[in-house]
Trainee: 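Dropping the structure in here first, questions after.
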Amino acid sequence: MCCPSATLAVWSSAWLHGAAASDNVLDALLPWGEAHEVVAADDATGAALDLPVTGGPPARPAQLLGTLRRLGVTIARLVLPVPGDVRGLGGGGEFPKAALAAGEAVVLPCAGYGVVPHHIAEGLVRWTVHPLATSGPVLPQDVGLDHVSLAEAEHGLTDAIRDSAGALQSLDVASERPSVRAELSAHLRARPEPAWPDGTPPRALRVLQRAEEIGAILDVATAEEPGGALSASAAERRADALRPLSEAVRTARCAAINETVRVFGDQANRA
């Protein structure tokens with residue numbers, strides 16, 4: 001469920017805080033690709049982190065884990081940027097562009113770096129480490145990482161569903177596409193199903209599951225029926241109607257993942 005960046009954020013946090021083995025982290029990434037490689041976005045980042053630069057022989061994910069430990073990473077945040085909403089990406093530079101193109105990233109605010117996955121070939125995912133547009137470590141709020149609680153995210157989903165109900169009915173996707181239920185089932189089955197570490201908060205899993213189900217509905221609702229055509233005005237009305245629900249789904253996904261990361265950190269601190 002969710003995306004490769006969510007898997008990396010949660011599992012690397014579990015490993016860094018002693019709740020998972022490194023092999024568990026590497027295995028958790030496999031549903032997103034049979035092979036993973038790691039590079040630095042520029043020479044300075046490569047030299048600072050002892051990672052190969054884009055264009056050269058890549059490193060393996062295990063080396064990235066070692067880098068995170070050397071950096072003393074304790075906080076990882078999932079960001080899911082879209083045009084018009086790039087909160088959490090910091091200032092300028094190449095990182096916001098890469099994250100926006102991918103639609104996802106892991107931000108390591110206290111280390112001053114961000115990591116972006118990209119499917120460069122069938123079964124191959126490349127993770128690129130970018131510097132944040134800051135001079136040194138920063139606090140989460142310095143890069144616009146607003147904290148949203150699971151309760152807020154869950155209520156936000158409920159409110160967005162209620163507020164969008166009329167718009168969804170007016171789109172009348174189900175009546176125009178009798179196969180919509182089958183499409184939803186097929187869409188959900190096609191999604192990778194990565195495992196989550198022991199100790200993942202049950203409420204986070206529940207919120208994430210609900211967000212995935214609603215996300216599947218959005219994907220089907222915004223997809224063109226094979227052979228069909230949609231006017232520009234109709235497409236715009238549909239996008240406007242579904243935007244609040246889409247935003248609520250992104251917020252819920254981030255809240256569930258970031259709460260899970262926080263819980264692993266708190267468990268380690270108590271221990």
Side-chain angles (χ1 to χ4, degrees), residues 1-14 28 31-32 75-89 99-100 102-107 109 114 117 140-141 143-168 171 173 184-185 187-197 199-223 238-266:
M1 294 183 291
C2 206
C3 60
S5 294
T7 297
L8 180 65
V10 168
W11 278 96
S12 63
S13 180
W32 302 109
I75 299 174
R77 290 289 184 265
L78 172 67
V79 290
L80 300 172
V82 295
D85 184 0
V86 293
R87 287 173 295 175
L89 298 182
L100 186 58
E104 61 176 284
V106 179
V107 176
Q141 57 267 31
V143 289
L145 288 169
D146 300 327
H147 175 73
V148 178
S149 70
L150 277 178
E152 290 175 293
E154 197 165 21
H155 291 154
L157 275 177
T158 300
D159 291 344
I161 292 171
R162 183 194 62 226
D163 295 342
S164 299
L168 287 167
L171 291 172
V173 174
L184 280 171
S185 297
H187 187 85
L188 288 169
R189 288 197 303 270
R191 292 281 292 166
E193 294 186 12
W196 300 105
T200 300
R203 188 173 189 179
L205 291 175
R206 185 175 72 245
V207 170
L208 193 58
Q209 178 64 39
R210 192 177 187 200
E212 292 305 307
E213 292 169 351
I214 297 170
I217 294 172
L218 286 170
D219 288 342
V220 171
T222 56
R238 182 172 66 180
D240 289 343
L242 297 178
R243 187 171 293 112
L245 196 54
S246 179
E247 292 174 355
V249 167
R250 287 193 300 116
T251 298
R253 285 168 169 163
C254 289
I257 295 303
N258 295 337
E259 172 65 9
T260 301
V261 170
R262 185 196 66 77
V263 165
F264 282 119
D266 284 354

Trainee: From Thr200 OG1 over to Trp11 CH2, what is the distance, rounded to the nearest 0.5 angstrom?
Mentor: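 Reported to 0.5 Å precision, the distance equals 7.5 Å.
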Trainee: Mark yes or no for whether Ser246, through its side chain, and Leu242, through its backbone, hold a donor-acceptor pair below 3.5 Å.
Mentor: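 Checked: no pair found.
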Trainee: Roughly how far, to the nearest 0.5 Å, is the CD1 atom of Ile214 from the CD atom of Glu212?
Mentor: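 Going from the CD atom of Glu212 to the CD1 atom of Ile214 covers 10.0 Å.
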Trainee: To check you understand the geometry: which heavy-atom pair defines the closest contact between Val261 and Ala76, and what is its length?
Mentor: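 Taking every non-hydrogen atom into account, CG1-O, 3.5 Å.
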Trainee: Please enumerate all residues that pass side chain to side chain donor-acceptor pair (under 3.5 Å) together with Glu247, with sequence neighbours excluded.
Mentor: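 Side chain to side chain donor-acceptor pair (under 3.5 Å) list for Glu247, sorted by chain: empty.
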Trainee: Quick one: side chain to side chain donor-acceptor pair (under 3.5 Å) partners of Asp85, sequence neighbours excluded?
Mentor: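 Residues passing side chain to side chain donor-acceptor pair (under 3.5 Å) with Asp85: Arg87, Arg250.
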Trainee: How far apart are the closest heavy atoms of Val86 and Pro81, and which atoms are they?
Mentor: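 Distance-wise, the nearest heavy atoms are CA-CB, 4.2 Å.
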Trainee: My understanding is that only residues two or more places apart in sequence, or in another chain, count here; which of them pass side chain to side chain donor-acceptor pair (under 3.5 Å) with Ser5?
Mentor: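 Residues passing side chain to side chain donor-acceptor pair (under 3.5 Å) with Ser5: Glu104.
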Trainee: Would you check, one step at a time, whether the test salt bridge (charged side-chain N to carboxylate O under 4.0 Å, His left out) holds for Glu154 with Arg210?
Mentor: CA-CA 9 Å; Glu154 197 165 21; Arg210 192 177 187 200; 5.1 Å; no
Trainee: Output the distance between atom CZ (Arg203) and atom CG (Leu205), rounded to the nearest 0.5 Å.
Mentor: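 Rounded to the nearest 0.5 Å, the CZ-CG separation comes to 12.5 Å.
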Trainee: Return the minimal non-hydrogen interatomic distance between Ala6 and Leu78, and the atom names on each side.
Mentor: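 Distance-wise, the nearest heavy atoms are N-CD1, 3.8 Å.
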Trainee: Taking all heavy atoms of Ala153 and all of Val148, pick out the closest pair and write down the distance.
Mentor: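 Distance-wise, the nearest heavy atoms are N-CG1, 4.1 Å.
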Trainee: With sequence neighbours left out, write down each residue that passes side-chain contact (heavy atoms from CB on, under 4.5 Å) with Ala204, or none if nothing qualifies.
Mentor: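 Only Leu150, Pro201, Ala256, Thr260 meet the side-chain contact (heavy atoms from CB on, under 4.5 Å) criterion with Ala204.
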Trainee: Find out whether Leu208 and Cys2 are in side-chain contact, i.e. whether some heavy atom of one side chain is under 4.5 Å from a heavy atom of the other.
Mentor: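 They are in side-chain contact.
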Trainee: How close do Val10 and Pro197 get, counting heavy atoms only, and between which atoms?
Mentor: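 Answer, listing the atom of Val10 first, then Pro197: CG1-CD, 3.5 Å.
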Trainee: According to side chain to side chain donor-acceptor pair (under 3.5 Å), who are the partners of Glu259, at least two apart in sequence or on a separate chain?
Mentor: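 By the side chain to side chain donor-acceptor pair (under 3.5 Å) rule, Glu259 matches Arg262.
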Trainee: For Ser149, which residues count as a side-chain contact (heavy atoms from CB on, under 4.5 Å) partner, sequence neighbours excluded?
Mentor: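 Per chain and number, Ser149 pairs via side-chain contact (heavy atoms from CB on, under 4.5 Å) with His147, Ala151, Glu152.
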Trainee: Please name the pair of heavy atoms, one in Trp196 and one in Thr7, separated by the smallest distance, quoted to 0.1 Å.
Mentor: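 Of all heavy-atom pairs spanning Trp196 and Thr7, the closest is CZ3-CA, 4.1 Å.
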Trainee: Roughly how far apart are Leu100 CG and Leu89 CG, rounded to 0.5 Å?
Mentor: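 Rounded to the nearest 0.5 Å, the CG-CG separation comes to 7.5 Å.
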Trainee: Quick one: CG on Leu80 to SG on Cys3, what's the gap to the nearest 0.5 Å?
Mentor: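 SG of Cys3 is found 5.0 Å from CG of Leu80.
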